[in-house]
Amino acid sequence: MADSKLYYFNTRGRAELIRLLYALKDVKFEDVRFDDTNKFEDFKPKTPFGSVPVLEVNGVFYAQSMAIARYVARELGLMGSSSLQTLKVDMIVDAITVDIFPLLKDIIWGATDEIKAAAKTKAGEVSKKTFTALENLVSGDYFLGSEVSLADIIIFTFAIEAMPVLGLAIDDYPKLAKIVAALQENENLKNYIANRPATPM
């Protein structure tokens with residue numbers, strides 16, 4: 001895989017899924033985090049759309065978090081071994097990123113407490129429906145049988161980062177909980193999570 005740099009703020013946010021993919025396969029990359037001394041505003045003119053995360057590969061900058069995640073997953077062999085397996089991975093990923101992720105924005109940044117509460121209720125309802133459906137898509141140890149894919153990593157991320165905020169428990173979905181538990185015991189992921197910068201989100 002080509003040498004790459006991932007640019008984002010010093011938070012987990014929309015870059016953490018990408019970082020976890022690299023960590024899972026123990027592939028080195030440069031994790032560039034903006035802070036008071038390394039300012040995003042100085043870097044912003046280089047970005048395709050004025051936002052991050054951005055992945056730099058061979059001197060070229062690429063944007064959009066899920067486009068980057070899918071690229072990294074393909075490069076690391078985490079998108080399945082056939083077109084139909086890739087379709088299944090994409091379907092599961094979209095169920096999270098298209099149907100649920102947009103609802104989380106108002107929970108965190110809603111202008112009023114009423115907006116935040118309504119968003120939390122809606123996100124909880126959609127998440128329960130979605131996770132019930134996803135439970136039926138597990139095929140063996142993971143979504144693609146014995147092979148870990150981007151679909152498993154996004155469930156792992158959502159279970160750890162978002163479900164507690166929504167007041168939901170992954171244990172209510174036994175097959176998904178088994179995926180999360182297996183990934184929690186993955187040595188590469190354990191090492192990365194234990195040593196990553198402590199950030200609020």
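Keep in mind it's a predicted model, so treat the numbers as computed, not measured.
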So if you build clusters from Ile, Leu, Val, Met, Phe, Trp, Tyr with side-chain heavy-atom gaps below 4.5 Å, do Met91 and Tyr173 land together? yes
d(Ile193 CD1, Arg19 CZ) to nearest 0.5 Å is 12.5 Å
d(Leu21 CG, Met79 CE) to nearest 0.5 Å is 10.0 Å
Is there a chain of hydrophobic side chains (I, L, V, M, F, W, Y, each step under 4.5 Å between heavy atoms) that links Val57 to Phe29? yes
Would you call Arg196-Glu16 a salt bridge at under 4.0 Å N-O? yes
Check whether any side-chain heavy atom of Ile155 lies under 4.5 Å from a side-chain heavy atom of Phe143, and answer yes or no. yes
Evaluate the criterion side chain to side chain contact (heavy atoms under 4.5 Å, CB included) for residue pair Leu20 and Leu24; output intermediate values, then yes/no. CA-CA 6 Å; Leu20 288 169; Leu24 176 68; over 6 Å; no
Does NZ in Lys190 sit with more than 12 non-hydrogen atoms of other residues, nucleotides or ligands closer than 6.0 Å? yes
A side-chain contact here means heavy atoms from C-beta on lying under 4.5 Å apart; do Phe43 and Phe34 qualify? yes
With a 4.5 Å cut-off on side-chain heavy atoms, are Leu144 and Asp152 touching? no
Does Arg70 come within less than 4.0 Å of Asp90, counting only side-chain N to carboxylate O? yes
Under 3.5 Å, is there a donor-acceptor pair between the Ser4 and Tyr22 side chains? yes
Least distance between heavy atoms, Ala159 atom then Pro164 atom: O-CD, 3.3 Å
Nearest atoms (heavy-atom pairs only) where Ala69 meets Leu17: CB-CD2, 4.0 Å
In terms of heavy-atom contacts, Val54 and Ala63 come closest through CG2-CB, 4.3 Å
Please say yes or no: joined through hydrophobic side-chain contacts below 4.5 Å, possibly via intermediate residues, are Leu104 and Val165 part of one cluster? yes
For Lys88 and Leu137, indicate whether the former's side chain and the latter's backbone hold a donor-acceptor pair under 3.5 Å. yes
Heavy-atom check, side chain of Leu150 versus side chain of Ile92, under 4.5 Å: no
Could you tell me whether the side chain of Lys178 reaches within less than 4.5 Å of the side chain of Tyr142, counting heavy atoms only? no
So Glu147 and Gln85, do their side chains get closer than 4.5 Å, heavy atoms only? no
Atom pair CD1 (Ile18) and CD1 (Ile68), whose distance is rounded to the nearest 0.5 Å: 4.5 Å
Would you please test Asp35 and Asn38 for side chain to side chain contact (heavy atoms under 4.5 Å, CB included) and show each step? CA-CA 5 Å; Asp35 53 27; Asn38 182 23; 3.5 Å; yes
Check ion pair Asp31-Arg33 (N to O, under 4.0 angstrom): yes
Nearest non-hydrogen partners of Lys25 and Leu76, listed with the distance: CE-O, 3.4 Å
Using every non-hydrogen atom in the two residues, find where Gly80 and Thr86 come nearest and quote the distance to one decimal. O-OG1, 4.4 Å
Working to the nearest 0.5 Å, report the span between CD1 of Ile115 and CG of Asp106. 6.5 Å
Single-linkage hydrophobic cluster, 4.5 Å side-chain cutoff, Tyr71 and Tyr7 together: no
Taking all heavy atoms of Leu168 and all of Ser127, pick out the closest pair and write down the distance. CD1-CB, 3.5 Å
Step by step, would you call Asn188 with Asn191 a side chain to side chain contact (heavy atoms under 4.5 Å, CB included)? CA-CA 5 Å; Asn188 289 341; Asn191 182 62; 5.9 Å; no
Tell me if a side-chain donor or acceptor on Tyr8 pairs with a main-chain N or O of Arg14 at a distance below 3.5 Å. yes
Point-to-point distance, once rounded to the nearest 0.5 Å, from CG of Leu166 to CG of Leu103: 9.0 Å
If the threshold is 4.0 Å, N to carboxylate O, is there a salt bridge linking Lys5 and Asp3? no
Side chains of Phe131 and Ile100: closer than 4.5 Å at any heavy-atom pair? yes
Side chains of Phe9 and Thr199 in contact at under 4.5 Å (non-hydrogen atoms): no
Do Ser51 and Lys44 have a side chain donor and acceptor closer than 3.5 Å? no
CG of Asp171 to CG of Leu176: how many Å apart, nearest 0.5 Å? 10.5 Å
Spell out, as yes or no, whether a donor-acceptor pair under 3.5 Å connects the side chain of Lys128 to the backbone of Glu125. no
Out of curiosity, does Leu6 fall in the hydrophobic cluster containing Val52 (side-chain heavy atoms, cut-off under 4.5 Å, transitive links)? no
